[in-house]
Amino acid sequence: MEGIQDAAAALLVAAGIVTVVLWALDRWKYRACPGPFALPLIGNLVPILKYGLHEYLDMCRRKYGRIFKIYLGSAHFFVVADPEVARAVNNRLVDRFIGPQLSADPSGKDSDQLLGLATANGEEWRALRLSWQPAFQSGSLERYAALMDECALRLVEQLAPAAAEGRAVDIWRSLGTMTMGVVGGTAFGVSLHTMDDASSPHYEEGQRLLTASAHVFSSSSFVNGSLYQPLLLIFPKAVKAVQWLAARLPDTRLVRLTKARQLIRDVSADLIADWRASAAAPGAAARRASEPSAADAAKAEAEAARAAASATLEELQGEAPTLLVEATAGSASDAATATASEAGSAASDAAAAAAADAPRTNERDQAAPAAGEKRAAAGLGVAPGSFLSLMLDRKARGGARFSDDVIIAQANTFILAGYETTANALSYAVYAAAANPRVQERLASEVDTFGRGRRMGHSDLAAFPYAQAVIKEALRLYPPAIMTNRRVTKQEGFELVPGVKIKKGMSIFTAPYCFHRDEAYWPRPLEFLPERFLPEGSPLAPTTESAWLAFGGGARMCVGWRFAMQEAVLALVRLFQAYTFELSPGQVPLKLRQGLTLSPAEGVWVTPVARGAADVPGAAPVAPAAA
Ligand code: HEM
C-alpha cells in the first residue's frame with residue numbers, strides 16, 4: 001500500500017514539474033507578446049471569474065495594448081483587440097478552435113451538436129455552409145417576414161396586461177419566447193409553443209424548451225459550466241480520461257446541461273421523424289414520383305460536392321453588413337452568395353420555389369411526439385419552405401448526403417443560434433432606449449410612419465433607418481458574441497506582434513467587445529448614440545469600418561446576420577408602435593454575464609407604457625396576432 005502511495009506521490013510531483021517547465025517554455029516562447037502574469041494551471045482564471053471575461057479582456061486591452069496573450073489552463077490564447085488585425089485574422093483563417101464537449105451521458109449522444117455549422121471545420125464546414133445559405137437569401141427572408149411580424153405582434157399583445165397594471169416584466173425573457181417562436185416557424189414551420197399562454201395544453205412543453213435552451217447558454221462556458229471544464233483546460237492531453245470521469249461522476253451542472261441538450265435534440269429528431277413519416281404517407285405518392293432516380297441522385301451529389309470544393313471563401317461568406325444603415329433592404333444582397341449557393345443547392349432552391357408561401361406554422365403536438373405517422377397523415381410536422389425541409393429535401397434528392405445526426409445538429413444549431421443572440425440584442429436596445437428618453441422619442445416617432453394595422457415585409461425595413469441604427473448601436477456596446485475565435489491550421493506568413501509569428505496550432509481570439517468600446521476608434525465610446533450609423537452622425541462615426549464586428553468576419557461570419565437584423569428591427573418597430581418603456585430602478589449600468597453569449601445577468605426589467613392610438617395620427621389599432 002505504502003509503495004502505491006509513494007508511486008502516486010512521485011507521479012504527481014513529476015506531473016507538477018512537467019507542467020511548470022512547459023508553462024515556463026511557453027512564456028519564454030511568446031515573451032514578445034504582452035499579457036498579464038499567470039501561474040501555471042490556474043492561469044488567469046481568478047480575475048476572469050472576478051470581473052467576467054468581457055471586462056477582464058477590456059482591462060487587459062487598456063493595460064497591455066490591443067494584442068495580448070492570456071494563459072488558461074495549460075496554453076496561451078492570443079487576443080486581438082485591434083480591428084484591422086482582427087479583420088485580417090478573420091479573413092485569412094477559417095477553422096474555429098472547438099474544445100471537446102463533456103456529457104453526463106456515457107453514450108455522448110447529446111454531443112453531436114458539435115457536428116453543427118458553427119463547430120464544424122474543413123470540408124464538412126464548406127458543405128454545410130453551402131447548404132445553410134439558401135435559408136438566408138432575400139427570397140427566404142421575405143417569406144419569413146410575415147411570421148416574424150406575427151410573433152412580434154403576439155408579444156405586443158402579451159405585454160398588454162403588464163401595461164394595464166403598470167407591472168414590470170423581464171423583457172429579455174419575453175423576447176426569448178418571441179425569438180424561439182420565430183425559430184420554430186422558420187426552421188421547422190411549426191409552433192414550438194413558447195409564446196402560448198399558461199392556459200394552453202402545450203404551455204409546459206414550450207417552457208421546457210426555453211428552459212433547456214437557457215441552460216445551454218448559461219452553462220456552456222468554463223466560468224459557469226461543469227466543474228470538469230477547467231480540468232479540460234488544464235489537462236488538454238487527457239481529454240478522454242476527463243470525459244470518461246465526467247460521464248461516470250457528473251456534477252449537477254453537467255447533468256443539467258446534458259439533459260437540456262438531449263431535450264433540444266429530441267425536438268429536432270421528432271420533427272425529422274415526422275418529415276420522414278409524411279414523405280412515406282399515401283398523400284406523398286405524387287411527390288415521390290417527382291424524386292430523382294439513383295443515377296440523378298448520384299449526379300446531384302457529385303455536383304454538390306464540386307460546388308463545395310470550388311466555392312471561394314468570399315462566396316461562402318456572402319454579403320457582409322455595412323457600417324452605415326442600408327438605405328434599401330435586401331438590394332444587392334444575394335449577388336455575392338448566389339453563385340455559390342445556387343450551384344451547390346439547385347435542388348433545395350427548387351424546393352424553396354415550390355414552397356412559394358411563407359412557412360406554415362403547424363400545431364406540432366396535437367399528438368404525442370412518438371406518433372409521427374399520425375401527425376404526418378394529418379399534415380403536421382416540418383412545413384415546406386422551412387430551413388429543415390430545405391435540408392431534408394436536398395438529402396432526399398441526392399444533394400450532399402448528411403447523416404441524420406448531422407441534420408439534427410443543424411436544427412439544434414439553428415434553435416440555439418437563433419434564440420438567445422437576437423433576444424439579447426433586442427433587450428439591450430429596449431434597455432438603452434428606456435435609459436435614453438431622446439432615443440426612445442425618436443424611435444417612437446419613426447415607427448409611427450408605418451401603419452400599425454399594416455403587415456410588414458422584408459422590403460419595409462428600409463423605412464426604419466433609426467431603428468436599424470438603434471440595433472447596431474446596441475450590438476456595439478453589448479455584442480452578444482464578445483469574441484470570435486480561429487484556430488491556425490497552417491503556417492501563416494504574418495506576425496501577430498513583432499517577434500510572434502502566427503503558427504500552426506495557435507488559437508487566436510478577436511475581441512469586438514474591446515474595440516467596440518475603444519476611444520481610439522469611437523468618439524464618446526460609452527454613450528448610446530445610434531446616429532453614428534446614419535449619414536447625419538458622421539462626427540460620431542468610427543475611424544475605421546472594421547471597428548464594428550458584431551457578426552464576425554470572413555468566411556465564418558454569422559450566416560444568419562440578415563435574418564437577425566430583420567427580426568430585430570421588425571420587433572423593435574412593433575414594440576415601440578405600441579409602447580414606450582420605463583426602466584425599473586437599480587438597472588443602470590446593466591449587469592452582464594458571460595455564458596455562451598454576453599447576456600443580461602438578471603434580465604432587463606421594464607414597465608411597458610401603452611402609447612394609445614391617439615398618439616399616432618390616423619393609426620389603426622395593432623392587428624391581433626393570427627392564431
Ligand atoms: C443579433 C444576433 C446575432 C449575433 C450578434 C450573431 C453573431 C455571430 C457571430 C459573432 C458569429 C461568429 C462569426 C465569426 O466567427 O466570425 C456567428 C456565427 C454563426 N451564427 Fe450568428 N449571430 C446572431 C444571430 C444568428 C441567427 C439568428 C442565426 C441563425 C438563425 C445565426 C447562426 C449562426 C451560425 C450558424 C454561425 C456559424 C457560422 C459558421 O461557422 O459558418 N446567428 N454569429
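In this text the structure is predicted, and so the values were computed from the model without any measurement.
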Check the orientation of Phe77 and Phe97. Use parallel for under 30°, tilted for 30 to 60°, and perpendicular for over 60°.
perpendicular
If only atom types and distance count, is the side chain of Ser140 paired as donor or acceptor with the main-chain N or O of Pro134 below 3.5 Å?
yes
Distance-only polar pair, side chains of Arg556 and Asn90, donor-acceptor under 3.5 Å
no
Cationic tip of Arg517 within the cone over Tyr478's six-membered ring, i.e. under 6.0 Å and within 45° of the normal?
yes
Expected output: side-chain Arg593 to main-chain Pro600 donor-acceptor under 3.5 Å:
no
Keeping Asn91 on the side-chain end and Ala555 on the backbone end, is there a donor-acceptor pair under 3.5 Å?
no
Output for pair (Thr421 OG1, Leu416 CG), nearest 0.5 Å, gives 9.5 Å
Give a yes or no answer on whether the side chain of Arg129 reaches the backbone of Leu117 with a donor-acceptor pair at less than 3.5 Å.
no
Donor-acceptor contact below 3.5 Å, side chain Gln410 vs main chain Leu115:
yes
Gap between atom CG of Leu254 and atom NZ of Lys259 - 0.5 Å precision:
11.0 Å
For His516 and Pro479 the tightest heavy-atom approach is ND1-CG, 3.9 Å
Report, one line per pair, each donor and acceptor closer than 3.5 Å where one atom sits in a side chain of residues 498-513; sequence neighbours left out.
unit_1 : atom_1 : unit_2 : atom_2 : d
Ser507 : OG     : Arg487 : NH1    : 2.9
Thr510 : OG1    : Thr484 : OG1    : 2.4
Tyr513 : OH     : Glu55  : OE2    : 2.9

If only atom types and distance count, is the side chain of Arg486 paired as donor or acceptor with the main-chain N or O of Leu93 below 3.5 Å?
yes
In plain terms, say whether Arg265 and Asp405 are close enough for a salt bridge, that is, a side-chain N and a carboxylate O under 4.0 Å apart.
yes
Measure the CZ-CG distance between Phe551 and Leu475 for me, rounded to the nearest 0.5 Å.
5.0 Å
Kindly say whether the aromatic ring centers of Phe68 and Phe78 come within a distance under 6.0 Å.
no
Is there a donor in the side chain of Ser268 and an acceptor in the side chain of Asn412, or the other way round, less than 3.5 Å apart?
yes
Nearest heavy atoms of Ala411 and Phe188, plus distance in Å:
CB-CE2, 3.7 Å
Do Tyr428 side-chain atoms and Ala423 backbone N/O form a donor-acceptor pair below 3.5 Å?
no
Test your reading of the model: is there a side-chain donor-acceptor pair from His54 to the backbone of Gln594, 3.5 Å cut-off?
no
NE2-OG1 distance between His193 and Thr177, expressed to the nearest 0.5 angstrom:
13.5 Å
Taking every heavy atom of Ile408 against every heavy atom of Ala269, the minimum-distance pair comes out as CD1-CB, 3.8 Å
Check: Asn44 side chain, Tyr71 main-chain N or O, donor-acceptor pair, under 3.5 Å:
yes
Would you sort out whether Glu420 and Ser213 count as a side chain to side chain contact (heavy atoms under 4.5 Å, CB included), showing the intermediate values?
CA-CA 8 Å; Glu420 187 157 293; Ser213 305; over 6 Å; no
Steps toward side chain to side chain contact (heavy atoms under 4.5 Å, CB included) verdict (Ser226, Leu257):
CA-CA 8 Å; Ser226 161; Leu257 178 64; over 6 Å; no
For the backbone of Ala104 and the side chain of Thr258, can you confirm whether one donor and one acceptor N or O come within less than 3.5 Å of each other?
yes
Check the angle between the aromatic planes of Trp132 and Phe136 and answer parallel, tilted or perpendicular using the 30° and 60° thresholds.
parallel
For the pair Arg261 and Asp105, find out whether any cationic side-chain nitrogen is under 4.0 Å from an anionic carboxylate oxygen.
no
Ion pair check, Arg61 and Asp518, cut-off under 4.0 Å:
yes
Would you call Thr186 and Phe414 a side-chain contact if the rule is heavy atoms closer than 4.5 Å?
yes
I need the Phe217 CZ to Ser599 OG distance, nearest 0.5 Å.
9.0 Å
Give the minimum heavy-atom separation between Val183 and Tyr419, together with the two atoms involved.
CG2-N, 4.2 Å
Mind checking the CG-OG1 spacing from Leu175 to Thr422? Nearest 0.5 Å is all I need.
10.0 Å
Can you see which heavy atom on Glu84 is nearest to which on Ser546, and at what distance?
OE1-OG, 3.1 Å
Heavy-atom closest contact (Cys33 atom, Ile67 atom, distance)
SG-O, 4.2 Å
Would Val406 and Ser403 count as a side chain to side chain contact (heavy atoms under 4.5 Å, CB included) here? Give the steps.
CA-CA 5 Å; Val406 170; Ser403 70; 3.3 Å; yes
Using side chain to side chain contact (heavy atoms under 4.5 Å, CB included), reason through Lys69 and Val79 one step at a time and then give a plain yes or no.
CA-CA 6 Å; Lys69 62 175 189 275; Val79 182; over 6 Å; no
Would you say the side-chain atoms of Asn424 and Thr597 include a donor-acceptor pair closer than 3.5 Å?
yes
